[in-house]
Amino acid sequence: METVKLLRRKDVPKEQTWDLSLIYPAVEDMEKDLEKAGKLADEIAACRGKLTEPASIRACLEKYQEMEALFSHILAYVQLAVSADYYDEQLKQRENRAVSLHAQMESQVSFMKDELTSLPEEVLKETAEQAPEFSVYLQDLLREKKHRLGEETEKMLAHLSPVLEAPSQLYSITKMADIRFPSFTVDGKEYPLGYSLYEDDYEYDPDTSVRREAFRVFSSELRKYENIMAAVYNTQLQKEKIISRARGFESVFDYLLFPQKVTREMYDRQIDLIMSGLSGPMRRYAKLLGRRHGLDRMTYPDLKIAVDPGYDPKITYAESEKYITEGLAVMGEDYTDILRRAYRERWVDYAKNLGKETGGFCESPYRRGSFILLSWNDRMSDVFTLAHELGHAACAYLCDRKQPYFNSQSMSTYLVEAPSTLNEILLANYLLKTNKDERFQRWVYSAMIQCTYYHNFVTHLLEADYQRKVYRLIDRGGSVQAGTLNALMRETLEDFWGDAVELPEGAELTWMRQPHYYMGLYSYSYSASLTVATQVCRRIMQEGQSAVDDWRRVMEAGGTLEPASLARMAGVDVTTDKPLRDTISYISDIISRIIAMSDDLDKDGEAAGK
């Protein structure tokens, strides 16, 4: 596989980067909004002692909502810039200033929630009836009432938010700015190495020697930072435990699931059933990969290789537009118009450069479009990743168009990945219809496993299982060090892969590679969302427009309902285990189909790599 030396951000072609001027044409425009937000904070502060009846409450909340919407623009503008170039000190200073000012203003207006929760519930309910745009906000405030601390404490917590969020920032800085990977050599050829080069290139490399040596060197360099990474993570964990106890939650799990509006049963079921029900099918898939590539043993660094390395068409970023718009046309013309805007208006940053965050994400400042970060490698996996992130973008657009700011920002993380993963499945189903050639069909099915289900039902689910073990330890009053985290991650990997996959030294360091552990109980939500998405896709395939209409209503609803009710709107009952069991069975059937197709093709004389 040809590897590319990473460029500095300033040397990247402009067309490969996102256009943040869609948020603000210039930094000066952001500064004007910062000033405007400061004035709104002063006006809100002047409401102290006056929040006694619906009219005054509504007037104050209108100012607060406007301030928060402004900061959705401001923070996106500064943080997106840093995520694309962690080496730029000026961008970091701008981000730190904006974050600090936001915390200062949040502290200034923190009295508002205390005054509102001290009012009789009838007053808040009457306000919600008169001002439905604030009904969800007020309902959530009533839920939080028993967990709120005194006004001065809440004010201090708001003021300290930059410090309380420091573990996440320290993790990102260490990962993206401090760790410098050395090159490695295989058969006399030198290969450059970096985070994105490893995760976007070498993990998929069909050359076993290159792939495994890249993993060895990558892991050896990570090892040098395991103690500082563990100390940073332990700080995050202890912070969450202290706050959960102070707010009166019985466990850190209850504290972290509370804003998701998800029961502990729903959370545990997702992890337990997949760990027990999907491990068998995925072990069969791993063994197939080993046979197809003629490996002497199947190892952890081999899990991302293609079923058919000789059939992996190259797809440019420009070419992906046709696949994605045609594949998702079932969602409606206005939906595909949103997708086309993403290409036309440069919502996507797909360059590969030094100091750029790894993986992919979508940030959608309120009613200012969306901004997607990823690295493009001309693979079908990139098309699936882009379709995924565009699902977030389209959902945000549809929701923002229908909902006021507070309602649009409060969809539970339990469902937040459903619009994105549904896009991936719809794209795969479209591809299956376009070409009935058996080798092409196997390629699509294997892409579904490798790009969609492996990523969301395996990678993130294993993170969730590991994370649950960590929080159980923290709940018992413990702490974690590098050795503890390594042992827990290796235990999770061994439980899932059994003897089907050999875990070389370094596999246990996988916990160091994900930022999700600084986002609460987020990792498990990928599989929860994909469970819903799989069932919605099956409805769309069987019922057509009525199922599409139901799902569009879910996306437009935002946070106006809790996740179980939103899923029910789409025809999925997540209060039972049936959707999850059906989805696990669906994945298992795809793997069986890939294996059967491979047997048929091998009988016809096909060999891996040809």
Side-chain angles (χ1 to χ4, degrees), residues 33-75 78-79 95-121 123-124 127-128 131 133-169 236 239-249 255-256 258-259 366 404-410 520 559:
D33 269 3
L34 267 175
E35 183 178 349
K36 184 177 181 181
K39 291 179 180 178
L40 285 167
D42 291 340
E43 292 173 10
I44 296 167
C47 296
R48 181 187 287 272
K50 302 175 183 177
L51 303 177
T52 56
E53 40 78 36
S56 60
I57 295 171
R58 182 176 192 172
C60 188
L61 286 178
E62 285 173 349
K63 297 179 189 298
Y64 183 51
Q65 180 166 251
E66 184 180 359
M67 186 186 91
E68 291 296 274
L70 285 176
F71 268 110
S72 82
H73 306 155
I74 294 165
L75 295 177
V78 297
Q79 291 172 344
E95 178 192 31
N96 290 337
R97 176 170 172 267
V99 169
S100 178
L101 286 173
H102 183 228
Q104 178 181 322
M105 293 179 204
E106 285 292 329
S107 176
Q108 185 180 357
V109 304
S110 63
F111 75 91
M112 183 178 63
K113 289 185 177 181
D114 290 287
E115 287 199 12
L116 291 176
T117 52
S118 68
L119 293 172
E121 286 191 18
V123 176
L124 297 185
T127 304
E133 68 270 28
F134 299 123
S135 60
V136 174
Y137 178 84
L138 293 170
Q139 289 166 13
D140 288 345
L141 203 58
L142 288 172
R143 284 185 74 233
E144 297 169 12
K145 183 174 181 177
K146 66 178 181 179
H147 298 293
R148 287 191 63 78
L149 307 174
E151 180 182 337
E152 288 304 314
T153 303
E154 294 289 353
K155 182 177 180 180
M156 181 58 68
L157 286 173
H159 205 65
L160 284 172
S161 60
V163 178
L164 296 175
E165 296 305 315
S168 176
Q169 294 181 16
Q236 172 75 12
K239 175 196 76 175
E240 290 169 336
K241 179 59 180 175
I242 290 168
I243 293 176
S244 70
R245 188 186 302 118
R247 292 198 179 281
F249 289 94
Y255 165 64
L256 295 173
F258 182 80
Y366 187 62
Y405 175 79
F406 284 145
N407 289 1
S408 73
Q409 301 297 303
S410 54

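None of the values given here were measured: they were computed from a predicted structure.
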* **Distance, nearest 0.5 Å, that separates CG of Leu116 from CG of Leu124** => 6.0 Å
* CD of Glu165 to NZ of Lys239: how many Å apart, nearest 0.5 Å? -> 4.5 Å
* Asked: Can you tell if the side chain of Lys63 reaches within under 4.5 Å of the side chain of Lys39, non-hydrogen atoms only?
  -> no
* Determine, step by step, whether Ile243 and Tyr255 satisfy the side-chain contact (heavy atoms from CB on, under 4.5 Å) criterion, reporting the C-alpha distance in whole Å, the side-chain angles of both residues, the deciding distance to 0.1 Å, and the verdict. => CA-CA 8 Å; Ile243 293 176; Tyr255 165 64; 3.4 Å; yes
* Asked: Crowded around His147 NE2? As in, over 12 foreign heavy atoms under 6.0 Å?
  -> yes
* Asked: How are the rings of Tyr366 and Tyr405 set relative to one another: parallel (under 30°), tilted (30 to 60°) or perpendicular (over 60°)?
  -> perpendicular
* Identify the two heavy atoms, one from Tyr64 and one from Val109, that lie closest to each other, and give their separation to 0.1 Å. => CE1-CG2, 3.9 Å
* Asked: Taking NZ, NE, NH1 and NH2 as the nitrogens, is one of them in Arg247 or Glu154 under 4.0 Å from a carboxylate oxygen of the other?
  -> yes
* **side-chain contact (heavy atoms from CB on, under 4.5 Å) between His102 and Ile74, intermediate numbers included** => CA-CA 9 Å; His102 183 228; Ile74 294 165; over 6 Å; no
* Asked: Is any side-chain heavy atom of Met112 closer than 4.5 Å to a side-chain heavy atom of Cys60?
  -> yes
* Structure fact -> Rounded to the nearest 0.5 angstrom, the CD1-CG distance for Ile57 and Leu138 is 7.5 Å
* To do: Apply side-chain contact (heavy atoms from CB on, under 4.5 Å) to the pair Gln79 and Val99, showing each step before the final yes or no.
  => CA-CA 9 Å; Gln79 291 172 344; Val99 169; 3.7 Å; yes
* **Pairing of Lys155 and Glu151 as salt bridge, 4.0 angstrom limit** => no
* Criterion side-chain contact (heavy atoms from CB on, under 4.5 Å) on Tyr137 and Lys113, from CA distance to verdict -> CA-CA 10 Å; Tyr137 178 84; Lys113 289 185 177 181; 3.4 Å; yes
* Asked: Roughly how far, to the nearest 0.5 Å, is the CD atom of Glu68 from the CG atom of Leu40?
  -> 10.5 Å
* Flag, side chain of Ser107 to backbone of Ala103, donor-acceptor distance under 3.5 Å -> no
* Measure across Pro162 and Ser100 and return the closest heavy-atom pair with its distance rounded to 0.1 Å. => CG-CA, 4.3 Å
* **Exercise: identify the closest heavy-atom pair between Ala98 and Val78** => CB-CG2, 4.0 Å
* Asked: What residues form a side-chain contact (heavy atoms from CB on, under 4.5 Å) with Asn407, not counting sequence neighbours?
  -> Val136, Gln403, Pro404, Thr560
* To do: Check Ser72 against Ala69 and note the closest heavy-atom contact, atom names and distance.
  => OG-O, 2.7 Å
* Structure fact -> Rounded to the nearest 0.5 Å, the CD atom of Gln65 sits from the CG atom of Leu70 at a distance of 11.0 Å
* To do: Verify, without hydrogens or angle tests, whether Glu115 (side chain) and Gly49 (backbone) share a donor-acceptor contact under 3.5 angstrom.
  => yes
* **Check ion pair Arg58-Glu133 (N to O, under 4.0 angstrom)** => yes
* Please check if any side-chain donor atom of Glu53 sits under 3.5 Å from a side-chain acceptor atom of Ser56, or the reverse. => yes
* Could you pull out the closest heavy-atom pair between Phe71 and Leu34, with the gap in Å? => CE2-CD2, 3.9 Å
* **Check: Gln108/Gln104 side-chain N/O donor and acceptor closer than 3.5 Å** => no
* To do: Identify the heavy atoms of Leu119 and Thr52 that sit nearest to each other, and give their distance.
  => CD2-CA, 4.4 Å
* Distance, nearest 0.5 Å, that separates CZ of Arg148 from OG of Ser118 -> 10.5 Å
